[in-house]
2 protein chains.
Amino acid sequence: MGSTIAFVSAEIRTAAFTAPFASYVGAAAHCEWCGLRELCLPAGLAPHAVRLFERVISNRMRVKRRDSLYRPDDLFTAVYAIRVGTFKTSMLAEDGREQITGYFMGGEILGADGISHGHHRCGAVALEDSEVCVLPFHLLEKFAHELPAFGHNLYRLISKDVCRSQDMMFLLGSMRAEQRLAAHLLNLAARYRARGYSGTEFMLRMTREEIASMLGLKLETISRLFSHLQGEGLIQVQGRSVKLLDSAALRWIVGKQSQFES
Amino acid sequence: MGSTIAFVSAEIRTAAFTAPFASYVGAAAHCEWCGLRELCLPAGLAPHAVRLFERVISNRMRVKRRDSLYRPDDLFTAVYAIRVGTFKTSMLAEDGREQITGYFMGGEILGADGISHGHHRCGAVALEDSEVCVLPFHLLEKFAHELPAFGHNLYRLISKDVCRSQDMMFLLGSMRAEQRLAAHLLNLAARYRARGYSGTEFMLRMTREEIASMLGLKLETISRLFSHLQGEGLIQVQGRSVKLLDSAALRWIVGKQSQFES
DNA sequence: CGACTAGTTGAGGCCAGTCAATGTTGGTGG
DNA sequence: CCACCAACATTGACTGGCCTCAACTAGTCG
């Protein structure tokens with residue numbers, strides 16, 4: 001890794017610094033050929049603009065399972081577009097409590113939480129061997145300045161994080177355990193479907209404990225709920241592989257009044 | 001109100017449309033004299049830049065208690081800087097469940113949740129008679145383009161919402177009732193202090209029910225917790241007026257392990 | 001004054017947490 | 001190849017924190 005790094009620019013070195021366990025892959029990114037283009041930052045750009053956008057990508061990086069892409073308090077220098085793999089982001093309280101704040105998959109952008117303070121507030125850890133495009137933020141800003149059409153994409157990107165968090169707040173603040181899990185499964189399903197995968201059968205990349213942390217529950221509760229939903233014939237679970245048998249019923253669970261039953 | 005509107009520009013009419021109960025106040029905003037300048041969007045700008053920034057503010061608007069600044073699904077045209085007063089933002093599920101997602105006070109910016117979809121996802125309601133500066137988003141983008149130093153402020157602004165939401169997710173996902181309330185009180189205290197008010201004695205602008213909704217609890221629980229914290233001598237409550245008697249103890253409550261007691 | 005809203009307090013129930021035992025899976029080394 | 005181990009997962013019994021329902025008080029506005 002060290003010898004590879006020697007050839008690359010300052011940005012790349014910075015990126016490597018913030019992600020000590022990641023390895024450099026190659027400078028050239030080809031959004032043109034990337035299946036995730038329309039889900040990613042260059043979405044909607046004209047072909048020639050996409051070509052220009054590629055120059056913003058300082059490099060690609062591999063991150064191995066369990067390795068950090070960035071850690072809490074790391075200097076914020078870039079956001080990361082996931083090419084392959086999945087990540088979790090989590091906050092750590094001083095006392096060691098961990099709260100998983102997000103689950104990210106291909107085509108999604110990670111790391112925008114660092115913009116406001118200049119340091120990342122969350123850590124991002126790969127849930128499987130993954131690959132990301134490194135997008136130095138100052139280059140993104142520059143590109144946005146040169147191409148106003150893209151500038152709006154960038155605002156939208158950050159704002160999408162706000163929406164995601166708000167959905168999560170709604171889930172955590174007003175749903176019961178079963179509803180939370182059902183909502184989470186449907187959310188995963190929709191995102192897999194948008195990526196061309198099956199919207200009914202997929203692999204969970206998180207452990208029960210991680211799912212629990214994300215949904216504000218305990219791992220035993222998740223385990224019990226999986227068993228229960230399976231018993232009801234709504235899903236089929238086998239370790240980490242899940243099959244949704246009755247999405248309509250899951251949606252009904254999410255929608256039903258959690259309180260003030262009427 | 002109608003006759004006033006007749007004189008104003010398209011932006012203002014748009015703003016008035018999204019906020020049907022708000023009334024137009026005056027076109028000229030004077031950030032220069034505004035006590036909240038350093039907490040608001042023009043924070044850190046040079047005096048002449050602040051002068052330029054004022055042109056972005058299409059107008060000021062009064063919003064009466066209980067009136068909406070914007071509602072869910074309203075077209076997103078502007079963000080709003082609070083000059084006077086306080087607001088709550090809330091999401092509504094189809095089934096009528098309401099989840100309060102935010103509490104905003106002077107100098108804070110509201111409405112960034114609309115950027116990504118072009119429509120607001122939350123509604124914003126004034127908790128007391130309030131006044132906001134209307135900042136049409138396309139003008140903000142234009143200004144950011146002309147003054148890159150400000151551009152960064154704008155990214156930071158949106159990203160701050162992300163941080164706020166993440167803090168909330170942490171609170172909702174991993175704290176017990178007492179910790180949530182203590183954290184909320186300390187959060188309010190810090191924000192009042194930053195505005196030059198007392199950091200130990202302040203008025204709650206939300207009902208018990210609203211506080212409960214925001215913290216993912218029920219109003220009775222909030223009421224009981226207030227009584228309990230008062231009994232312990234940590235706070236003094238009298239309806240909506242609160243006095244923090246022992247902030248250190250409150251901080252201890254927030255910090256103590258909620259689970260895995262060690 | 002009565003109607004209404006906001007808040008307090010109590011009794012009881014239930015959902016999810018806690019503790020603990022056991023089963024399953026996957027990786028490692030003899 | 002199997003034995004072993006650690007990490008992950010399941011299930012049961014019990015507990016307790018918060019919700020629910022309900023009664024009552026205080027303050028406000030017509």
Side-chain angles (χ1 to χ4, degrees), chain A residues 64-66 88 97-100 125 127-129 171-184 203-232 235-242 253 256-262, chain B residues 65-66 88 97-100 125 127-128 171-182 184 203-231 235-242 253 256-262:
Chain A
K64 287 195 116 75
R65 187 166 125 85
R66 285 173 215 276
K88 68 172 178 181
R97 269 178 290 175
E98 188 195 29
Q99 163 79 21
I100 297 192
V125 174
L127 293 169
E128 57 189 314
D129 293 354
L171 181 146
L172 292 169
S174 65
M175 289 188 190
R176 326 198 130 261
E178 193 183 41
Q179 299 179 298
R180 296 186 199 184
L181 184 57
H184 178 59
M203 276 286 176
L204 299 170
R205 308 250 91 116
M206 293 198 283
T207 64
R208 302 288 189 263
E209 187 166 18
E210 287 165 331
I211 297 171
S213 166
M214 181 155 164
L215 302 181
L217 301 166
K218 297 276 112 187
L219 72 150
E220 295 96 330
T221 305
I222 298 296
S223 190
R224 270 186 252 275
L225 286 171
F226 272 137
S227 303
H228 178 247
L229 289 175
Q230 181 160 242
E232 300 281 297
I235 65 173
Q236 204 172 295
V237 207
Q238 176 66 255
R240 305 253 178 119
S241 84
V242 177
I253 286 177
K256 79 179 169 190
Q257 294 278 37
S258 60
Q259 32 209 333
F260 310 121
E261 218 61 62
S262 63
Chain B
R65 187 166 126 85
R66 283 175 216 274
K88 67 171 178 182
R97 270 179 287 175
E98 187 194 31
Q99 164 78 23
I100 296 190
V125 174
L127 294 169
E128 57 189 313
L171 181 146
L172 292 170
S174 64
M175 290 188 188
R176 324 197 132 263
E178 194 183 41
Q179 297 178 299
R180 296 186 198 185
L181 184 57
H184 178 59
M203 276 287 177
L204 300 169
R205 307 251 91 114
M206 292 199 282
T207 65
R208 301 289 189 262
E209 186 167 19
E210 287 165 331
I211 296 171
S213 166
M214 180 155 163
L215 302 181
L217 302 165
K218 297 275 112 187
L219 71 149
E220 295 96 328
T221 305
I222 298 297
S223 189
R224 271 186 252 274
L225 285 171
F226 272 137
S227 301
H228 178 246
L229 290 175
Q230 181 161 243
I235 65 174
Q236 204 172 298
V237 207
Q238 177 67 255
R240 304 253 178 119
S241 84
V242 176
I253 287 177
K256 80 178 166 190
Q257 295 278 37
S258 61
Q259 32 208 331
F260 310 120
E261 217 62 62
S262 63

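Below, chain A is the first sequence line, B the second, and so on; all start at residue 1.
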Could you check A:Gly216 against B:Gln238 and say which one's nearest nucleotide on DNA chain C is further toward the 5' end?
-> B:Gln238

For atom CZ of B:Arg66, is the number of surrounding heavy atoms from other residues, nucleotides or ligands below 6.0 Å larger than 12?
-> no

With five pairs defining each end axis, the helix from C:dC1-D:dG30 to C:dG30-D:dC1 comes out bent, to 10°, by 40°

Contacts of type side-chain hydrogen bond (donor to acceptor under 3.5 Å, both in side chains), residue B:Gln99, not counting sequence neighbours | none

Phosphate OP1/OP2 of C:dA16 contacted by A:Thr221 side-chain N/O (<4.0 Å) | no

Does B:Thr207 have a side-chain nitrogen or oxygen under 4.0 Å from the phosphate oxygens OP1 or OP2 of C:dT5?
-> no

Distance in Å, B:Leu217 CG paired with B:Ser223 OG, rounded so as to fall on 0.5 Å steps = 12.5 Å

When the distance from CZ of B:Arg66 to P of C:dA6 is rounded to whole Å, what number comes out?
-> 6 Å

With sequence neighbours left out, write down each residue that passes side chain to side chain contact (heavy atoms under 4.5 Å, CB included) with B:Ser241, or none if nothing qualifies.
-> B:Met203, B:Gln238

Qualifying residues under side-chain hydrogen bond (donor to acceptor under 3.5 Å, both in side chains), relative to B:Glu98, sequence neighbours excluded | B:Ser90

For a salt bridge (Lys or Arg N to Asp or Glu O under 4.0 Å) with A:Glu128, tell me which candidate from A:Arg205, A:Lys88, A:Lys64 qualifies.
-> A:Arg205

Counting only side-chain N and O atoms of B:Arg208, is one of them less than 4.0 Å from OP1 or OP2 of C:dT8?
-> yes

Taking atom P of C:dA20 as reference, at what distance in whole Å does atom CG of A:Leu219 sit?
-> 15 Å

Phosphate OP1/OP2 of C:dT9 contacted by B:Ser223 side-chain N/O (<4.0 Å) = no

What does nucleotides 22-30 of chain D look like as a protein-contact string, B for base, S for sugar-phosphate only, - for none, at under 4.0 angstrom between heavy atoms?
-> ---------

Would you check if B:Leu229 and B:Val237 make a side-chain contact, meaning some heavy-atom pair closer than 4.5 Å?
-> no

Any donor-acceptor N/O pair, A:Arg180 side chain to A:Leu215 backbone, under 3.5 Å = yes

Whether B:Arg208 side chain and B:Arg240 backbone form a donor-acceptor pair below 3.5 Å | no

Does a side-chain N or O from A:Arg240 land closer than 4.0 Å to OP1 or OP2 of C:dT25, or not?
-> no

Within the modelled atom types, does a donor on one side and an acceptor on the other bring the side chain of B:Arg224 and the base of D:dT20 under 3.5 Å apart?
-> yes

All salt bridge (charged side-chain N to carboxylate O under 4.0 Å, His left out) counterparts of B:Arg224, not counting sequence neighbours | none

Give the rounded distance in Å between these two atoms: CD1 of A:Ile211 and C1' of D:dC8.
-> 12 Å

D:dG16 base / B:Arg176 side chain donor-acceptor hit below 3.5 Å | no

Nearest-Å distance for atom pair NZ/P, residues B:Lys218 and C:dG12 | 22 Å

What is the distance, rounded to the nearest whole Å, between atom CG of B:Leu204 and atom P of C:dA6?
-> 14 Å

What's the CG-P distance between A:Leu225 and D:dT10, to the nearest Å?
-> 11 Å

Starting at atom CD of A:Glu209, determine the distance to atom C1' of D:dA6, rounded to an integer number of angstrom.
-> 14 Å

Distance, rounded to the nearest Å, where A:Leu215 contributes CG and C:dA16 contributes P | 12 Å

